[in-house]
Student: 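Attaching a single structure in structure tokens format; questions to follow.
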Amino acid sequence: MTYFVLKYLHVIGASVLLGTGAGIAFFMLLAHLTGRPTIIAGVARIVVIADFVFTATAVVLQPITGVALAWNVGYSLTEGWIVVSIILYIVTGMFWLPVVWMQMEMRRLSEAAVETDSAMPTRYHDLFWRWFAFGFPAFAAVLAIFWLMITRPDLGSWGSWLGERTP
């Protein structure tokens, strides 16, 4: 029963990360394309909330369920595919954390544009394109993690990568 619960929670968490990330990107892009500060501000407000409620929760729980699942099944955390998955997870986080800040700043800038009845400032557009660019490596890394989790390819172990000999 423990294995099923851990795997279920891990798959749900991965789905939340992928789905929320894709949904946030889609809605922010569509809002941006309107060029209307009121729409951008409204969507950015919801996107920031969604990132904190859904993405942040999954970000915290995913490694916990992943490690517990690996131990439950008997995988070593030095298995190559697990090590690569962890590295990609860290890479994803390195792109996601600045994106969260960018989203909050884009929200602030769009709300200011609404309050002053002005066009979106240059800073917003600079942040938007940086935010857009950061999405590609993060999304690719998440897709690669999905592939690794599904296929569990034989990549050796971390010890063998470092030249350690197995008995």
Side-chain angles (χ1 to χ4, degrees), residues 4-70 77 81-152:
F4 174 78
V5 170
L6 289 172
K7 189 167 188 173
Y8 180 78
L9 293 173
H10 197 65
V11 169
I12 293 297
S15 300
V16 166
L17 287 175
L18 183 64
T20 304
I24 283 171
F26 177 75
F27 290 116
M28 277 298 291
L29 175 61
L30 290 183
H32 172 79
L33 291 176
T34 70
R36 295 172 53 197
T38 53
I39 292 175
I40 296 168
V43 169
R45 210 171 5 263
I46 294 167
V47 159
V48 169
I49 292 168
D51 243 353
F52 278 101
V53 171
F54 297 109
T55 311
T57 302
V59 163
V60 170
L61 293 178
Q62 208 55 12
I64 294 168
T65 60
V67 168
L69 188 58
L77 295 179
W81 64 273
I82 293 176
V83 172
V84 172
S85 295
I86 292 168
I87 291 168
L88 289 170
Y89 194 77
I90 292 167
V91 166
T92 301
M94 289 170 53
F95 282 96
W96 176 70
L97 287 172
V99 158
V100 172
W101 175 83
M102 287 180 225
Q103 288 169 175
M104 292 182 340
E105 185 66 8
M106 288 188 295
R107 176 191 63 189
R108 187 188 67 73
L109 292 168
S110 59
E111 289 173 344
V114 169
E115 288 176 17
T116 60
D117 196 28
S118 58
M120 297 300 287
T122 302
R123 176 151 169 71
Y124 163 82
H125 293 286
D126 292 343
L127 279 170
F128 176 82
W129 290 112
R130 192 172 308 131
W131 172 88
F132 188 78
F134 273 44
F136 287 98
F139 194 71
V142 170
L143 291 177
I145 293 168
F146 263 82
W147 181 81
L148 288 164
M149 293 294 137
I150 292 167
T151 62
R152 296 186 307 269

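Counting from 1, the numbers follow the sequence of the chain as shown.
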Student: One pair to check against side-chain contact (heavy atoms from CB on, under 4.5 Å): Thr151 and Trp81. What are the steps and the verdict?
Tutor: CA-CA 9 Å; Thr151 62; Trp81 64 273; over 6 Å; no
Student: Whether the side chain of Tyr124 engages the backbone of Ala119 through a donor-acceptor N/O pair (distance < 3.5 Å, no angle test) should be reported.
Tutor: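 The answer is no, because no donor-acceptor pair under 3.5 Å joins these two groups.
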Student: For the CD1 atom of Ile64 and the CG atom of Leu6, what is their distance to the nearest 0.5 Å?
Tutor: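 Separation between the atoms: 11.0 Å.
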Student: Would you name the heavy atoms of Tyr89 and Pro63 that are closest together and state the gap between them?
Tutor: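 Nearest pair, atom of Tyr89 first, then Pro63: OH-CD, 3.4 Å.
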Student: List the residues meeting ring-ring contact (aromatic ring centres under 6.0 Å, His included) with Trp129, not counting sequence neighbours, and say none if there are none.
Tutor: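 In terms of ring-ring contact (aromatic ring centres under 6.0 Å, His included), with neighbours along the sequence ignored, Trp129 is linked to His32, Phe132.
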Student: Which atoms form the tightest heavy-atom contact between Ala44 and Met28, and what is the distance?
Tutor: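 Heavy atoms only, the tightest pair is CA-SD, 3.8 Å.
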Student: If you measure from CD1 on Ile40 to CD on Glu111, what distance do you get to the nearest 0.5 Å?
Tutor: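 Going from CD1 on Ile40 over to CD on Glu111, the span is 12.0 Å.
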Student: Nearest 0.5 Å, please: how far is CE in Met106 from CZ in Arg45?
Tutor: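 Atom-to-atom, Arg45:CZ and Met106:CE are 14.0 Å apart.
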Student: Kindly give the heavy-atom pair with the smallest separation between Thr116 and Ser118, and that separation in Å.
Tutor: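 Heavy atoms only, the tightest pair is OG1-OG, 2.7 Å.
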Student: Closest heavy-atom contact between Pro137 and Ala133?
Tutor: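 Of all heavy-atom pairs spanning Pro137 and Ala133, the closest is CD-O, 3.1 Å.
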Student: Using side-chain heavy atoms (C-beta onward) and a distance below 4.5 Å, is Leu88 in contact with Leu148?
Tutor: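 A side-chain contact under 4.5 Å exists here.
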Student: Return yes if some donor-acceptor pair links the side-chain N/O of Thr20 with the main-chain N/O of Leu17 below 3.5 Å, else return no.
Tutor: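 Not confirmed, Thr20 side chain does not pair with Leu17 backbone.
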Student: So how far is it from Asp51 CG to Met104 CE, rounded to the nearest 0.5 Å?
Tutor: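 Going from CG on Asp51 over to CE on Met104, the span is 10.0 Å.
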Student: Flag the pair Leu127 / Trp101 as yes when at least one side-chain heavy-atom distance between them is below 4.5 Å, and no otherwise.
Tutor: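 Side chain of Leu127 against side chain of Trp101, heavy atoms only: contact under 4.5 Å found.
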Student: Roughly how far, to the nearest 0.5 Å, is OG1 of Thr34 from CD1 of Ile39?
Tutor: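 If we round to the nearest 0.5 Å, Ile39:CD1 and Thr34:OG1 are 4.0 Å apart.
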Student: Just wondering, do Ile24 and Gln103 contact through their side chains at under 4.5 Å, heavy atoms?
Tutor: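 With C-beta onward as the side chain, the pair touches.
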Student: Does Phe146 CZ have over 12 foreign heavy atoms under 6.0 Å away?
Tutor: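 Yes, the 6.0 Å shell around CZ holds more than 12 heavy atoms from other groups.
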Student: So, using side-chain hydrogen bond (donor to acceptor under 3.5 Å, both in side chains) as the criterion, who are the partners of Gln62 when residues are at least two apart?
Tutor: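 Per chain and number, Gln62 pairs via side-chain hydrogen bond (donor to acceptor under 3.5 Å, both in side chains) with His10.
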Student: Let me confirm one number: the CG-CD1 distance from Leu69 to Ile82, rounded to the nearest 0.5 Å.
Tutor: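 Those atoms lie 9.0 Å apart.
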Student: Is there a side-chain contact (heavy atoms from CB on, under 4.5 Å) between Phe52 and Val48 once you walk through the steps?
Tutor: CA-CA 6 Å; Phe52 278 101; Val48 169; 3.7 Å; yes
Student: Measure across Thr92 and Ala138 and return the closest heavy-atom pair with its distance rounded to 0.1 Å.
Tutor: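 In this case the closest contact between Thr92 and Ala138 is OG1-O, 3.8 Å.
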Student: Could you go through the ring pair (Phe, Tyr, Trp, His ring centres under 6.0 Å) check for Phe128 and Trp131 one step at a time?
Tutor: CA-CA 5 Å; Phe128 176 82; Trp131 172 88; 5.4 Å; yes
Student: Start with the C-alpha gap between Leu18 and Leu143, add the side-chain angles, then the distance that decides, and say whether side-chain contact (heavy atoms from CB on, under 4.5 Å) holds.
Tutor: CA-CA 8 Å; Leu18 183 64; Leu143 291 177; 4.0 Å; yes
Student: Which residues pass the side-chain hydrogen bond (donor to acceptor under 3.5 Å, both in side chains) test with Arg108, sequence neighbours left out?
Tutor: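 Arg108 satisfies side-chain hydrogen bond (donor to acceptor under 3.5 Å, both in side chains) with Glu105 only.
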Student: Side-chain contact, heavy-atom cut-off 4.5 Å: Val59 with Trp96?
Tutor: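 With C-beta onward as the side chain, the pair touches.
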Student: Is there side-chain contact between Val67 and Leu77, with heavy atoms separated by less than 4.5 Å?
Tutor: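 When only atoms from C-beta onward are counted, Leu77 and Val67 do touch, with a gap below 4.5 Å.
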Student: Taking all non-hydrogen atoms of both residues into account, name the closest pair between Ala41 and Ser110 and its distance.
Tutor: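 Heavy atoms of Ala41 and Ser110 come nearest at CA-OG, 3.1 Å.
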